[in-house]
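Hydrogens, waters and symmetry mates are skipped; everything else that's a heavy atom, side chains included, is used. Numbering of ligands and ligand atoms starts at 1, following listing order.
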Amino acid sequence: MCGIVGYIGSQDAYSILIEGLKKLEYRGYDSAGVALVNGSRLEVIKAKGELEQLENKVGAKFPNGSTGIGHTRWATHGAPSDVNAHPHCCCSGDFAVVHNGIIENYRFIREWMEEAGHKFQSETDTEVLAHLIKHFYNGDLLGSVQQALAQVEGSFALVAVARGKNDQMVCARKDSPLIIGLGKNENFVASDVPAILQYTRRIYILEDGEAARVTKDVVEVFSPEGKGVSKEVFHIDWDAVQAEKGGHPHFMIKEIMEQPHALRETMRGRLLEEGRKIDLSELNLTDEEIASTRRVFIVACGTSYHAGLVGKYAMERALRLPVEVDLASEFRYRDPLLDESSLVIVISQSGETADTLAALRLVRGKGVRVLAITNVVGSSVAREADKVLYTWAGPEIAVASTKAYITQLLALYLITLHMGRVRGAMDASALEEGGRAIFRLPEKVENVLGRERELKRFSAYLSRWENAFFIGRNMDFAVALEGALKLKEISYIHAEAYASGELKHGTLALIVEGIPVVALVTQKALQDKSLSNIKEVKARGGYVFCLAQEGMQGLEEELDEVFYLPATLDFLLPVISVVPLQLISYQAAVERGCPVDKPRNLAKSVTVE
Ligand code: AGP
C-alpha cells in the first residue's frame, strides 16, 4: 500500500514529510516524492527507489515551503519509475496530488482529459486526478477536488495542494484509509498513524466519502453531500512499533485481518456489477489463445503452490481442461511436455522466487505463453512473463503468506470464469452464479475473522503437541496442505497434510490418543466419505477439529470440535476455510512464544535455489 503524508503549519514542510515517509517505509514501496507549495511556486521532486534516492536528488538545499505533501508508492498501474512516482501534477503544474488506491475507470478519464487537451506524463491511474482537478478548478480547491472525485470509480485516499495556495491542503477518502493529525498551529494528513505520531496523538479518522479542507489552524470536514461534519477526536496511545502494525501485535495478524480489503481491492475493476460481469481484458490473452489451450500448467513454490492446487480443482471442474500443478523446483528438471497449446501460469507473491523465475525462463525459452500472478508490480516475474494478473493485497511483511494466498485464489477463480466464458464451458447462469458468489466472499471472510475467539480453545490444545495432522479430500486436501504449512512454519509443530482417503495406507499408524487432527469437510459431495475417514481417526483416539460448511448435518456426534464456515459454492470454500487455519496457526505460535513474523531459518522471498 502507498504511504501518504501532508503537512501545513509554520515549520519547513520538507523535513517533516521525509521523516513521516520514513515511518511508513515498513509498508513497502518502490518510489517516493514530495511537493512543496512556496508562494507562487509548486516544487515537485520524486525518484524511483528508496527514500535515500529522493534525498540525494534534493541534495543539501531543501525545497522551501510550509505546506507540502509526500508519498511512497507501491506500484499498481505503471512500473516503478521517476515519472510514475507521486506526486502527480496537471500539465500546467498548478496542482499536485498523492493517492493511495485504485482508479478503476482511469482509462476512460484519461481519454476524456486527453481529448480536452490535457497532456499526460505517466502510465499511472493516479495522474488522472491532477488533470480532473485542473479541469474543474474554479478557485475553490475543495470543490474542484470533490467534482473530480465524483467522476472516479474505485478506491482512493488523496491529498491535493495548489500553486499559490500556501494556506490549505485538501484531502478525501473512499475505501482507503486516511487520518488528519491535529497539531498546534499545524496540521497533518497521513495514510497511517506512524507518520505523525512524533508530532501529535490527536487525530480525526476520515470516513468513506468525506473530504476535508486543512489549514494550519482549522480542519473542516465535509460529508459526501457537502455538509459540514463535526468529527470525534481520537487519541492514539500506541507506541511507534504498535502503530506500524495498526495496533496489532504482529504483521501476520494484521495481514490476516486485511484479507477482506485485499479481496475487494483485487476484484476491483475486474468483477463488475456485483459479480454479474467479469473484465479481465488486462490479461491480453486473445479469445483464440484461450480457446486453443489444451493443457494448463501451474508452477509455484510453497503457499503459492498450494494456491495453484486449488486452482487446478477449480479449473478442471469448470473448464474440463487438464491442469498440471508443479513445484517450480521440480518442474524445471522434469523436461515438461510443453507445446504451443500449453498455457503456463506461474504464481509468486514476491515475484522474485528463484525456482519460480527459473521455471518461467525455461518455459519462455520454449516459446510457450506464461501468465504470471504476482503481488509485486515490476518484480522479475512480472517483467519476464508474457501476461500478468496482479493481486492487489498490498505489501505482505510477515514471512507466512496469508492475504497474498487468498488473493491468488481469487485471481485463479477470475481466470477460470473468464476462460469458462470464452471457451463456452460455463453458461451464463453458471458464470453469474460464480461471479456473484465471488463478490460476496469478503463479507464471508469478515464473518470468520469476527469469530477468532472460537478457535482459541483448539489452538491452545494444539500448541501443546509436537505433531499434528491436516486431512481433507479434493479442494479440502489442497487447503489442508496450506494449513499444515502455516502451522509448521510459524509454530514449529511438525504438521503433515494428507488426503483423507490416504490415511489407511500408512499414516493411520501415527494416530495416537489425543493427537490433534484438523479435518476439512467443506465439499458437500464428499461429506460422507470424509466423515468415514474421520471415524477411522476417532476410533484410534485422535482429537478431531473439523471445519465444515454451514448447513452440513450429523457432524457433532462424531467430532471433538466443529467450526462451521459461512456457506457458498463448494469451489469457492478454500477462500473461507483457509482463514481459521491461518488463525489457529497464529494463535498456537503465539501460545508457544514463537517469533511469528520472522520464523527461524526462513526468508520472505527465497531468491536463492
Ligand atoms: C508461505 O507462507 C511461505 N512464506 C513460502 O512457502 C512462500 O509461499 C514461498 O517461498 C513462495 O514465495 P512466493 O509466493 O513469493 O514465490
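The protein atom (non-hydrogen) at minimum distance from atom 16 (O) of ligand 1 is Thr353 OG1, 2.5 Å. In terms of protein heavy atoms, atom 10 (O) of ligand 1 is closest to Val606 CG2, 3.9 Å. At the shortest separation from atom 11 (C) of ligand 1 among protein heavy atoms lies Cys301 O, 3.5 Å. Of the protein's non-hydrogen atoms, the one nearest atom 15 (O) of ligand 1 is Ser350 OG, 2.7 Å.
Of the N and O atoms on the side chains of Tyr29 and Glu25, at least one donor lies less than 3.5 Å from an acceptor on the other residue. Residues Thr507 and Glu502 bring no donor and acceptor atom of their side chains to less than 3.5 Å of each other. Side-chain contact check for Gln349 and Tyr405: no donor-acceptor pair (N or O, by modelled atom type) lies under 3.5 Å. A donor-acceptor pair shorter than 3.5 Å can be found between the side chains of Gln408 and Ser304.
Proximity to Ser304 (heavy-atom distance under 4.0 Å) selects the following atoms of ligand 1: 8 (O), 13 (P), 14 (O). The contact set between ligand 1 and Ala400, taken as ligand atoms under 4.0 Å from a residue heavy atom, comprises 2 (O). Those atoms of ligand 1 that come under 4.0 Å of a heavy atom in Thr303, given as number and element, are 1 (C), 2 (O), 6 (O), 8 (O). Numbered from 1 in the order shown, with element, the atoms of ligand 1 that lie under 4.0 Å from a heavy atom of Lys486 read 1 (C), 2 (O). Here is the list of ligand 1 atoms found below 4.0 Å of a heavy atom in Ser401: 1 (C), 2 (O).
Using a cut-off of 4.0 Å between Lys/Arg side-chain N and Asp/Glu carboxylate O, Asp335 and Lys366 are scored as salt-bridged. Ion pairing between Glu496 and Lys488 holds under the 4.0 Å rule for side-chain N and carboxylate O.
Backbone and side-chain nitrogen or oxygen atoms of Ser348 are examined, and one is located within less than 3.5 angstrom of a nitrogen or oxygen of ligand 1. Note: an N/O pair closer than 3.5 Å links Val399 and ligand 1 by distance alone. Not one N or O of Ser605 is nearer than 3.5 Å to an N or O of ligand 1, by distance alone. Residue Glu489 places at least one N or O, backbone or side chain, under 3.5 Å from an N or O of ligand 1.
The residue from Asp326, Val344, Leu362 that alone fulfils the side chain to side chain contact (heavy atoms under 4.5 Å, CB included) condition with Pro336 is Leu362.
Aromatic ring orientation, Trp392 versus Tyr390: parallel (interplanar angle below 30°, classes split at 30° and 60°).
Proximity of Lys604 to ligand 1, defined as any heavy-atom pair under 4.0 Å, is not found for any part of the residue.
Between Tyr413 and Phe571, the gap from one ring centroid to the other is short of 6.0 Å.
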